[in-house]
Amino acid sequence: MKDPITVSITGAAGQIGYALLFRIASGAVFGPDQPVNLRLIEIEPALPALDGVVMELDDCAFPTLNSITPTADLAEGFKDADWALLVGSVPRKAGMERNDLLNINGGIFTGQGQAIAANAKPSCRTLVVGNPCNTNALIAMSNAAGMPSNQFFAMTRLDENRAKSQLAAKAGVHHSKVTNLCIWGNHSATQYPDFTNAKIDGKPVTEVITDREWLEGEFISTVQQRGAAIIKARGASSAASAANAAIDTVISLINPTPEGDWHSVAVCSDGSYGIEKGIMASMPIRTNADGTWEVVQGVPVDAFSQGKIDATIAELVGERDAVKDLIP
Ligand code: NAD
Ligand code: LMR
């Protein structure tokens with residue numbers, strides 16, 4: 001067994017938390033030889049429910065679960081964290097867009113960014129899941145003085161997985177055959193699931209699915225609206241698939257990306273692809289053998305894609321401007 005690592009998770013008593021904690025504790029994310037300390041952060045009123053989750057974690061007797069610290073105190077919660085998974089925040093209800101949550105949730109991420117900077121390991125990586133996740137990640141990153149911006153991420157992997165599943169169903173193939181699927185921009189109804197560069201079994205999607213009208217229309221809108229469709233059907237926002245995507249994101253960031261492929265996650269833009277510097281935008285990312293990551297360069301952007309990317313980036317710039325009071 002290796003030395004334990006520490007994973008801090010906010011919103012640990014929530015729906016996503018319930019689908020996330022057990023897989024992390026089981027070794028499914030960091031490996032069967034990697035013990036994990038879980039620091040579980042909740043607001044005071046949710047601590048009794050969190051106690052129940054802790055009892056259940058105890059009852060799993062996972063070999064890789066080293067310790068559990070349930071807390072409402074941010075300093076204790078982020079102490080020595082190697083990873084901070086920021087899930088805790090209010091989900092949207094039917095009829096709301098994700099950026100309706102900007103005012104409700106934005107404030108949570110100032111204090112959490114500060115607490116991460118003050119208490120976590122300097123190498124701590126932070127993945128924001130709580131919506132609107134791109135701009136919440138921007139707020140956390142901007143308030144985490146001294147923490148490198150390349151250690152902050154916002155989750156668009158659920159969108160990538162959704163897009164792969166839609167393309168696979170249309171083509172009549174298994175979803176594992178779909179690669180090179182990049183989500184550009186915001187985790188919102190403006191996101192652009194880029195079918196123009198995606199591949200099925202190594203062939204361009206546009207050669208396998210020749211119904212361009214479907215690709216430009218129904219495919220994109222289905223992916224953009226999938227969160228809303230789940231809220232309508234379930235009466236609650238996606239939770240198991242969101243937890244799964246958070247796990248996929250971490251796994252993709254700690255393991256080298258297969259040759260020629262990429263994965264989607266929102267990172268602090270360095271200006272690549274003309275995306276305004278400093279905003280948290282999803283783009284094609286590769287993880288290198290040494291554990292660093294980089295934006296995949298040279299992905300072709302045609303006029304159709306450019307229009308879609310411009311729209312989602314404009315929304316992110318608007319969200320950033322709307323929370324400027326939370327950004328020091
Ligand atoms: P939930 O309401 O079931 O759970 C949220 C939990 O967060 C609650 O237990 C609540 O007590 C806790 N919480 C609230 N404020 C907190 C704070 N300041 N500190 C710590 N904990 C806090 O919601 P859920 O279904 O688990 O969803 C959580 C978030 O994830 C929502 O914002 C949702 O919109 C978002 N989400 C994002 C994606 C994505 O793809 N990025 C996908 C699904 C859901
Ligand atoms: C999702 O995409 O399922 C989540 O972001 C929840 C939502 O509000 O859509």
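The shown structure was predicted, so the numbers you read here are calculated from the model rather than taken from an experiment. One-based numbering, in listed order, for ligands and for the atoms of each.
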Open item on the list: Determine whether a donor-acceptor pair (N or O, by modelled atom type, separation under 3.5 Å) exists between the side chain of Arg125 and the backbone of Leu253.
Closed with: yes
- [ ] Please say whether more than 12 non-hydrogen atoms of neighbouring residues, nucleotides or ligands are located less than 6.0 Å from CZ in Phe304.
- [x] yes
Task: Option of least heavy-atom distance to atom 37 (C) of ligand 1 (set: Leu158, Val129, Val128, Ile104) - done: Val129
TODO: Indicate the ring-plane relationship of Phe30 and Trp83, choosing parallel, tilted or perpendicular according to the 30° and 60° boundaries.
DONE: tilted
Open item on the list: Check contact between Thr156 and ligand 1, using heavy atoms of the residue and a distance below 4.0 angstrom.
Closed with: no
- [ ] Classify the contact between Val90 and ligand 1 as side chain, backbone, both or neither, using a heavy-atom distance cut-off of under 4.0 Å.
- [x] backbone
TODO: Please confirm whether Cys133 comes under 4.0 Å of ligand 1, counting heavy atoms of the residue only.
DONE: yes
TODO: Identify, for atom 34 (O) of ligand 1, the protein heavy atom at the shortest distance, and state residue, atom and that distance.
DONE: Asn131 ND2, 2.8 Å
Open item on the list: I'd like the name of whichever of Asn161, Ile108, Leu74 reaches closest to atom 18 (N) of ligand 1 through any heavy atom.
Closed with: Ile108
TODO: Report the nearest protein non-hydrogen atom to atom 28 (C) of ligand 1: residue, atom name, distance rounded to 0.1 Å.
DONE: Val87 O, 3.3 Å
Task: Option with minimal heavy-atom separation from atom 10 (C) of ligand 1, where the choices are Glu42, Glu44, Arg98 - done: Glu42
TODO: Using heavy atoms and a cut-off under 4.0 Å, could you grab the residues that are in contact with ligand 2, chain by chain, numbers ascending?
DONE: Arg92, Arg98, Asn131, Arg162, His187, Gly227, Ile231, Ser237, Ser238
Open item on the list: Would you compute the distance between atom CE of Met280 and atom SG of Cys268 and round it to the nearest 0.5 angstrom?
Closed with: 6.0 Å
- [ ] Kindly confirm or rule out an N or O of His187 lying under 3.5 angstrom from an N or O of ligand 1.
- [x] yes
Open item on the list: Check this for me, if you would: do Lys324 and Asp321 make a salt bridge, where the nitrogen-to-carboxylate-oxygen distance has to be below 4.0 angstrom?
Closed with: no
